[in-house]
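Each remark here refers to the structure printed beneath this line.
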Amino acid sequence: MPELPDVEVFKKEAEKALDKEIETFHGKESKLLSHTEKEINGFLRGKSFHKAYRRGKYLFLITNSPKAVAMHFGMTGVLTYSAKEKDPPPYTLCSFYLKNQHGLHYISRRKLGKVELTRDYQEYIRQNEIGTDALEISKKDFLKKLNESKSMVKRFLTDQSALSGIGNIYADEILFQVKLHPKEKTYELTDNQKEELYEQVRKVLKTAVEKQADVKKFPRHFLLPVRKEGEKCPRCERSIEKISVSGRTGYYCKHCQKPG
DNA sequence: CATAATGTTTAAGA
DNA sequence: GTCTTAAACATTAT
């Protein structure tokens, strides 16, 4: 789930918890957490989150800027805000309880994410090499990075240090919209294709954010609702095929997305 | 029971 | 140093 549009949804959820005093943090010791529950409480108790900031797939809950809680959602992470009287959702790994009797819950079935304290989130961004957000990057910078790349387009799109926020699923969608084969080399692209790639990165991500990352609400010409082997291509109705690119399984239409 | 899954990191080979 | 693959991580869903 958690690529840029999903994390944008979590950001909206986190914003419900802004400027409310933090009462306590609950979270069992795990690889997810950078500190112990006690330490996190020492850091947060009595304070409030004043801003939620998303960069790529990361979300920062900023307390006293630049101090923040940094979150990454791995493959299955979710963030929800709900009344304290309700039980935390299944697979909740840690929770921030507020004085207003609500809690912000970090949920994950597989524990591949991160919840970390940082004294400076800008520094955290540098250390973790989180590139410019895919919706923030200018055309000029995008083309510059693209021209520096020597890999396959899909690899380029999902490289978080080049531009951040695009994962396996949205890369497939963007490539489908641009009609590019996922294994096409970046240096083989024409200038027109490069520009079109930039435009579709924005268009696909903006659409997904508008639809709250809910695949059921996506336009009919999108690949994602039928992103499965043997489904019909929304454009030519031929069969969607599976392909392995840069270590991940991709889905594409062999007819519409021809290699160059 | 075996396999794949929205992510990242690390090791190894070209 | 660059690029690519494979495996590891932890766990569930099919």
Side-chain angles (χ1 to χ4, degrees), chain A residues 1-11 27-34 54-59 70-79 89-94 106-116 124-131 133-134 145-176 181-188 201 204-205 207-209 211-218 222-231 240-252 259:
Chain A
M1 222 193 187
E3 296 183 33
L4 186 153
D6 311 278
V7 181
E8 189 63 26
V9 172
F10 305 157
K11 178 186 166 187
K28 287 201 183 107
E29 190 133 20
S30 75
K31 286 187 79 176
L32 190 81
L33 302 178
S34 63
R54 184 190 60 70
R55 174 149 167 144
K57 303 175 189 173
Y58 283 81
L59 185 63
M71 294 181 166
H72 187 281
F73 298 91
M75 296 244 253
T76 56
V78 177
L79 194 67
Y91 302 111
T92 292
L93 299 180
C94 64
Y106 179 101
I107 304 155
S108 184
R109 274 182 260 149
R110 296 153 59 185
K111 303 168 179 172
L112 290 176
K114 290 191 265 192
V115 174
E116 306 186 310
Y124 185 97
I125 286 168
R126 282 192 296 275
Q127 282 172 352
N128 286 278
E129 293 178 285
I130 311 168
D133 187 81
K145 299 262 187 192
L146 186 56
N147 287 327
E148 283 165 2
S149 163
K150 286 166 189 151
S151 39
M152 297 178 277
V153 221
K154 183 160 177 184
R155 170 80 188 99
F156 170 75
L157 287 175
T158 54
D159 178 355
Q160 304 301 303
S161 65
L163 67 163
S164 64
I166 299 169
N168 196 29
I169 284 193
Y170 283 96
D172 278 0
E173 183 66 60
I174 291 161
L175 292 171
F176 178 75
H181 191 281
K183 285 195 174 176
E184 185 74 273
K185 296 284 189 175
T186 48
Y187 49 78
E188 301 279 2
V201 163
V204 165
L205 294 177
T207 304
V209 168
K211 307 292 180 193
Q212 291 122 316
D214 185 345
V215 174
K216 295 192 291 295
K217 297 179 187 160
F218 285 5
F222 266 41
L223 170 72
L224 290 199
V226 295
R227 187 181 173 277
K228 217 191 258 181
E229 200 172 11
E231 290 279 340
I240 295 296
E241 299 206 13
K242 207 169 160 175
I243 186 173
S244 178
V245 186
S246 90
R248 308 301 302 274
T249 305
Y251 294 89
Y252 78 118

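First the proteins, then the strands, lettered A, B, ... as listed; each starts at 1.
- Per the geometry, OH belonging to Tyr106(A) stands 10 Å off C1' belonging to dG7(B), to the nearest Å.
- When the P atom is used for both dT8(B) and dG1(C), the distance is 23 Å, rounded to whole Å.
- Taking atom CE of residue Met71(A) and atom C1' of nucleotide dT8(B), one finds them 18 Å apart after rounding to whole Å.
- A donor-acceptor pair is defined here as one N or O able to donate and one able to accept, closer than 3.5 Å; such a pair exists between the side chain of Asn168(A) and the backbone of Thr249(A).
- As a whole-Å value, the separation of Arg248(A) CZ from dA4(B) P is 13 Å.
- Distances were taken from every side-chain heavy atom of Lys150(A) (C-beta onward) to each of dC3(C), dG7(B), dA13(C); the shortest belongs to dC3(C).
- The aromatic rings of Phe73(A) and Tyr106(A) sit parallel to each other, their planes meeting at less than 30°, with 60° as the upper class boundary.
- Put simply, CG on Leu112(A) is 11 Å from C1' on dT9(B), counting in whole angstrom units.
- For Lys57(A), a side-chain nitrogen or oxygen approaches OP1 or OP2 of dT8(B) to under 4.0 Å.
- When each of Tyr58(A) and Asp6(A) is assigned the nucleotide of DNA chain B bearing its nearest heavy atom, the one mapping closer to the 5' terminus is Asp6(A).
- For Tyr91(A), the listed nucleotide lying nearest its side chain is dT12(C); candidates were dT12(C), dG7(B), dA10(C).
- Counting only heavy atoms from C-beta outward, the side chains of Tyr252(A) and Leu223(A) never approach each other to under 4.5 Å.
- The base of dA5(B) is paired with the side chain of Arg110(A) by a donor and an acceptor separated by under 3.5 Å.
- In terms of phosphate contacts, His72(A) brings no side-chain nitrogen or oxygen within less than 4.0 Å of OP1 or OP2 of dG7(B).
- With distances taken from any side-chain atom of Gln160(A) to the nucleotides dC3(C), dT8(B), dG7(B), the minimum falls on dT8(B).
- What separates CZ of Arg155(A) from C1' of dT9(B) is a distance of 12 Å, to the nearest Å.
- For Lys111(A), taking side-chain heavy atoms from C-beta onward, the closest of the listed nucleotides dT4(C), dA10(C), dA5(B) is dA10(C).
- Glu184(A) places its CD atom 17 Å from the C1' atom of dC3(C), with the value rounded to the nearest Å.
- Within 4.0 Å of Lys242(A), counting heavy atoms only, lies no atom of the nucleic acid at all.
- Side chain of Met152(A), nearest nucleotide from dT5(C), dT8(B), dA10(C): dT5(C).
- Side-chain N or O atoms of Ser164(A) include none that pairs as donor or acceptor with a backbone N or O of Ile130(A) at under 3.5 Å.
- The side chain of Arg109(A) lies closest to dA13(C), out of dT4(C), dA5(B), dA13(C).
- The Met75(A) side chain lies nearest to dA5(B) when the options are dA5(B), dA13(C), dT11(C).
- Base pairing of dA10(C): no nucleotide in any strand meets the Watson-Crick or G-U wobble criterion (both distances under 3.5 Å).
- Tyr251(A) has a side-chain polar atom (N or O) that falls below the 4.0 Å cut-off from OP1 or OP2 of dA5(B).
- Listed pair Thr249(A) / dA5(B) meets the phosphate criterion, a side-chain N or O lying under 4.0 Å from OP1 or OP2.
- The nearest whole Å value for the distance from the CG atom in Asn168(A) to the P atom in dA5(B) is 8 Å.
- With rounding to whole Å, Phe10(A) atom CZ is found 13 Å from dG7(B) atom C1'.
- Residue contacts shown for Gly167(A) are limited to sugar-phosphate atoms, with no base heavy atom under 4.0 Å away.
- Side-chain contact between Phe222(A) and Thr207(A) is present, with heavy atoms from C-beta onward closer than 4.5 Å.
- Nearest approach of Tyr58(A) to Val7(A), heavy atoms of both residues: O-CG1, 4.1 Å.
- The nucleotide whose nearest atom lies closest to any side-chain atom of Lys31(A) is, among dA10(C), dT4(C), dG7(B), dA10(C).
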